[in-house]
Amino acid sequence: MLKLTNVHKSFDKTEVLKGISLNVEKGSVTAIIGPSGAGKTTLLRCMNFLEKADSGTLDFDEFHLDLEKVSKKTMLDIRRKTAFVFQNYNLFANMTALQNVMEGLVTARKVSKAEAKDRALKALEKVGLRDKADFYPSSLSGGQQQRVGIARAIAVNPEVILFDEPTSALDPELTGEVLSVIKGLAAEGTTMVIVTHEMSFARDTADKVIFMDKGVIVEEGSASDIFVHPKNARTRQFLKI
């Protein structure tokens, strides 16, 4: 469904991604783990052009793209097939939960306000927040704000949802409610790529786990392969096995 091949990305003279290749299968959950500075978030952002890779190729449905030469129109086409859940929520403070979920539908996807409201309410209901539709972010807990972020992603009916450490800004007490929503999406067959530091969540939920360090994929495999029988010494060191 989505395939990256030999992706490179540098910031100034620092090479952050050093030839990354990976496949994301339709209906699968791919967890990306690794230490800070491994390049995990940069890789995720390159998948939908929040960052532009320096080189490599992307295959996504009918698209076969040379990442060095992608037009702005094609970037937008890819973004319309994806949704991104940020670690710090990225909600508009002056909009209610409902308005936050509607905004992308109305502005970017030109959906009518009536349809956008209907889809937004259904998405909020799916994350357990329909009763908070008229609340502003300042009146919501961090966990609730992140669930609004997930509702915003669900509402656009993306082919794949990209999660960037969705619980990293949350207190431990609030982490569970967000992970529960994501597990529910996984059970429904939603295609997801998740950068996470929640090892137990990755072990229990992911179909494929990718361990990154210093801009490369050190090891990848099933959750059992990585968490129970890792082959690479660096993986074992990271997981303290």
Side-chain angles (χ1 to χ4, degrees), residues 29-38 40-45 47-48 50 82-105 119-156 158 160-207 209-212 223 226-227 238-240:
V29 179
T30 302
I32 303 175
I33 64 171
S36 297
K40 306 183 300 295
T41 292
T42 300
L43 174 61
L44 199 73
R45 291 173 67 87
M47 287 185 192
N48 77 334
L50 290 175
T82 67
F84 202 99
V85 177
F86 299 87
Q87 56 183 292
N88 292 314
Y89 326 136
N90 277 30
L91 301 181
F92 295 106
N94 62 336
M95 293 184 181
T96 65
L98 177 63
Q99 290 168 335
N100 265 285
V101 179
M102 288 177 60
E103 178 66 14
L105 290 167
R119 286 167 62 171
L121 286 171
K122 286 177 180 174
L124 286 169
E125 185 169 7
K126 197 164 193 174
V127 301
L129 288 177
R130 184 165 180 141
D131 61 330
K132 304 291 186 184
D134 295 326
F135 284 54
Y136 287 89
S138 59
S139 301
L140 300 173
S141 71
Q144 289 170 333
Q145 290 183 62
Q146 189 58 292
R147 283 192 280 156
V148 172
I150 295 172
R152 178 175 57 191
I154 294 169
V156 299
V160 58
I161 304 179
L162 308 173
F163 291 84
D164 182 19
E165 298 198 18
T167 61
S168 67
L170 301 177
D171 295 332
E173 290 181 347
L174 301 175
T175 294
E177 67 186 59
V178 172
L179 295 182
S180 178
V181 169
I182 297 173
K183 285 181 179 179
L185 293 173
E188 293 175 0
T190 305
T191 308
M192 294 183 281
V193 182
I194 306 171
V195 170
T196 183
H197 62 281
E198 298 286 343
M199 297 299 108
S200 59
F201 167 72
R203 184 183 61 238
D204 295 342
T205 311
D207 300 296
V209 178
I210 291 170
F211 172 59
M212 287 184 65
I226 301 302
F227 289 104
F238 177 75
L239 295 171
K240 297 180 172 61

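Predicted, not measured: the structure shown is a model, and the values here were computed from it. All values below were derived from every heavy atom in this structure, side-chain atoms included, with hydrogens, water molecules and symmetry-related copies excluded.
- Side chain of Asp207 to main chain of Val29: a donor-acceptor pair is present (N/O by atom type, distance under 3.5 Å, no hydrogens or angles).
- For the atom pair Glu103 CD and Leu105 CG, the distance stands at 9.5 Å (nearest 0.5 Å).
- Put simply, CD1 on Ile226 and CG on Leu239 are 8.0 Å apart, with the number rounded to the nearest 0.5 Å.
- Contact detail for Gly149 and Val85: the closest heavy-atom pair is O-CG2, 4.1 Å.
- Taking CD of Gln146 as the start and CZ of Phe163 as the end, the distance is 8.0 Å to the nearest 0.5 Å.
- In this structure the side chain of Arg152 never reaches within 4.5 angstrom of the side chain of Val148, judged on heavy atoms.
- For the residue pair Ala93 and Pro137, the shortest heavy atom distance occurs at O-CD, 3.8 Å.
- Considering all non-hydrogen atoms of both residues, Gln99 and Thr96 come closest at OE1-N, 2.8 Å.
- Minimum heavy-atom separation, Met212 to Pro35: O-CD, 3.3 Å.
- Rounded to the nearest 0.5 angstrom, Leu124 CG and Met102 CE are separated by 10.5 Å.
- For the pair Ile194 and Phe201, the minimum side-chain heavy-atom distance is below 4.5 Å.
- The distance from atom CZ of Arg203 to atom OG1 of Thr196, rounded to the nearest 0.5 Å, is 12.0 Å.
- Not a single donor-acceptor pair under 3.5 Å links the side chain of Lys40 to the backbone N or O of Phe211.
- Shortest non-hydrogen contact noted between Ala31 and Ala202 is CB-CB, 3.9 Å.
- Counting non-hydrogen atoms of other residues, nucleotides and ligands closer than 6.0 Å to CD of Glu173 gives a total of 12 or fewer.
- Although no hydrogens or angles enter the test, the distance criterion places no donor-acceptor pair under 3.5 Å between the side chain of Thr167 and the main chain of Leu170.
- Counting only heavy atoms from C-beta outward, the side chains of Leu174 and Ser141 approach each other to under 4.5 Å.
- Looking only at side-chain heavy atoms (C-beta outward), Phe238 and Ile33 come within less than 4.5 Å of each other.
- Expressed to the nearest 0.5 Å, how far OG1 of Thr190 lies from CD1 of Ile161 amounts to 5.5 Å.
- The main-chain N or O of Gln87 is never found under 3.5 Å from a side-chain atom of Asp164 such that the two would form a donor-acceptor pair.
- Glu177 is linked by a salt bridge (Lys or Arg N to Asp or Glu O under 4.0 Å) to Arg147, counting only residues two or more places apart in sequence or in another chain.
- Side-chain contact between Leu179 and Glu198: present, with at least one pair of heavy atoms (C-beta onward) separated by less than 4.5 Å.
- The side-chain heavy atoms of Lys126 and Glu188, taken from C-beta on, include a pair separated by under 4.5 Å.
- Annotation: side chain of Leu50 is in contact with side chain of Phe86 (closest heavy-atom distance under 4.5 Å).
- Side-chain contact between Phe227 and Met199: present, with at least one pair of heavy atoms (C-beta onward) separated by less than 4.5 Å.
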For residues 127-136, which side-chain N or O atoms pair as donor and acceptor with protein atoms under 3.5 Å away, sequence neighbours left out?
none

Would you please test Ile150 and Leu185 for side-chain contact (heavy atoms from CB on, under 4.5 Å) and show each step? CA-CA 10 Å; Ile150 295 172; Leu185 293 173; 4.0 Å; yes
